[in-house]
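Take a look at the structure set out below.
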Amino acid sequence: MTAAQRPSALRRSLSVCRPHLAGNGWIAGGGLAAMLFEVAMRLVEPWPVRAVVDGVIPATVEGPTAGAGGNVTRTVTIAAIATVAVVGLRALASFASTVAFAVAGSRVTSRLRAQAFDHVLGLSMRFHDRTRPGDLVVRLTGDVQRLQEVTVSAALPLLGNVALFVGMVSVMVWLDPVLALAVLAVVPLFTISGRKSGGRITEASREQRRNEGAIASTAAESLGAMKVVHAYGLGPALARSFAAGNESSLRTGVRSRRLAAGLERRTDVIVGLATATVLYVGARRVIAGALTPGELVVFLSYLKTAFRPMRDIAKYTGRIARAAASGERIADLLEVESDITSKPGAWRLRRARGLVEFEDVSIEYEPGHRVLEHVNLRILPGEKVAIVGDSGAGKSTLASTVLRFVDPAEGRVLVDGHDVRDLTLDSLRANVAVVLQESVLFAATIAENVRAGRPDASLTEVWQALVEANAAEFVAALPDGVHTMLGQRGATLSGGQRQRIAIARAIIRDAPIVVLDEPTTGLDRTAAEEVMVALDRLGRTRTTLVVAHDALLVDGCDRVVEVVDGSLREVSKEWTGGRR
């Protein structure tokens, strides 16, 4: 799709919000009704003043009589009461519409954020490997929040302002078509100014949000690697990089605000021209008897009120343009399609026996750049097979095909005779437990981290899993036991302790297939031996794929296969990292 064919940022923003308005229609509709009632009250508001002016001025000029004085008093009293009533009703309607729009906007925002987060969680590892997480966080938080301005906080009030402007112009035409024409003459100037500035504001805001996403990514990556930052003295360099991105974001942000402010000030000038024209032409028409003084007062009141929506339109144009740039980023994210999905009619795998087969499997990281070619391997239920080889040879990639983190370019991966692409993703992955090289623990309690393997597990089952993972002793020594809250990524535990919690999570999953991807890397010999005891218990009676560099991991395997030049060959069980 070319740039010319691509929908505008505003249309794309509204398209992602529209589905979430369902269920909020009555709230938004009530807010809209209240807003239109407020518009009606604004239309009525100047008329008591008109009655006073047209009733009092003639009486003052002609000299009041006793009867006329009573009429004037009655007119002024009624006008004052009417003004209070109209203003009160208008304020009540304004309050109702503001609250209704805020509630509807918050609900739309929450649903959209949930949809975007769920969509991101469903995208493949290929997407996540290529996308900076900080930018995703900015999209899911800041961009979604800004998008609320498009849907409710600005768009619906803007609609009310347009309705108010149309209503007041209609009354102006009814009062005096000639004078109304003077007002309408400036509308094209405003339209041209707003359209020209809106596109420039959107482009500046789009660039600003990209810069803010890059800043967030730099901050997240730096804060997530503080040991490396301190060890290598990277603080000053990272600070300079952050400052450069911050300065770029500042420039584009100021540019966006300057464009919006310029639009508002140009609107003020246009309104001033219209006001001067109405004062001049209106005064002459009062002198000519075509208008009463009270009608001119109504006209001027309408002019002031009618052009306030034009000022608001200018203000909202800038806000909507900035929010549309954020909405476009959400739309871009939601349009990303995962290359790993459950196909229609996929088979739901129940508990697998554990037969895993690779049939003529070829895998490529990028189209045309294969890392493995024509791999064949059959792993029987309950068998433990080690996959060894040089770093970057494709060992982990081969194991990840069992979970469909990546699909083969050619060939098939089979579980119990079923092509994994014919199975639903959730049922396939429910049959596989994983222990990775870097244990991923959440900032939650130990029990919650273990239950990630099976959320419905009881506390007794959690403790049993910790016992089998050789972790119960150190967990019991913690101040709150299994209810101890862990730091980010489990940073409050040692490497060996983190791995044993991860093993407990895999044990409680009770999956028939286990993938161990370098689970002892980076551990000292004592910690590695403790982890090995837990891994032996985990792999007992289960089909196990062990991705390994460490000969210690290979010792207990039934077979060893080595990845060499993109293919597999079986080697001796006494493999010792290349020295056989």
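Judged as a side-chain hydrogen bond (donor to acceptor under 3.5 Å, both in side chains), and not counting sequence neighbours, the contacts of Glu461 are Arg454, Ser458. Annotation: salt bridge (Lys or Arg N to Asp or Glu O under 4.0 Å) contacts of Asp118 (sequence neighbours excluded): none. For Phe37, the side-chain contact (heavy atoms from CB on, under 4.5 Å) test picks out Met41, Leu89, Ala93, with sequence neighbours left out. In this structure Arg404 satisfies the salt bridge (Lys or Arg N to Asp or Glu O under 4.0 Å) test together with Asp407, sequence neighbours excluded. For Arg451, there are no side-chain hydrogen bond (donor to acceptor under 3.5 Å, both in side chains) partners two or more places apart in sequence or in a different chain.
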Show your reasoning for whether side chain to side chain contact (heavy atoms under 4.5 Å, CB included) applies to Phe117 and Leu112.
CA-CA 9 Å; Phe117 185 65; Leu112 179 60; over 6 Å; no
Give the intermediate values and the outcome of side chain to side chain contact (heavy atoms under 4.5 Å, CB included) for residues Val336 and Phe127.
CA-CA 9 Å; Val336 176; Phe127 169 84; 3.8 Å; yes
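Residue Val482 comes nearest to Thr445 through the heavy atom pair O-CB, 3.7 Å, listed as atom of the first residue, atom of the second, then distance. Of all heavy-atom pairs between Ile330 and Val144, the closest is CD1-CG2, 3.5 Å. Smallest separation of non-hydrogen atoms from Met35 and Ser97: N-CB, 3.9 Å. Nearest heavy-atom pair across Leu423 and Ser342 is O-OG, 4.4 Å.
Inter-residue side-chain proximity for Leu334 and Gln115 is flagged as met; some heavy-atom pair is nearer than 4.5 Å. Between Leu441 and Glu448 the shortest side-chain heavy-atom distance does not fall below 4.5 Å. The shortest side-chain heavy-atom distance between Leu349 and Thr424 does not fall under the 4.5 Å cut-off. Using a 4.5 Å heavy-atom threshold, the side chains of Leu333 and Leu136 count as touching.
The list of salt bridge (charged side-chain N to carboxylate O under 4.0 Å, His left out) pairs with a residue in residues 339-350, not counting sequence neighbours, reads Arg126-Asp339, Lys343-Asp422, Arg348-Asp426.
Of the N and O atoms on the side chains of Thr341 and Ser338, not one donor lies less than 3.5 Å from an acceptor on the other residue.
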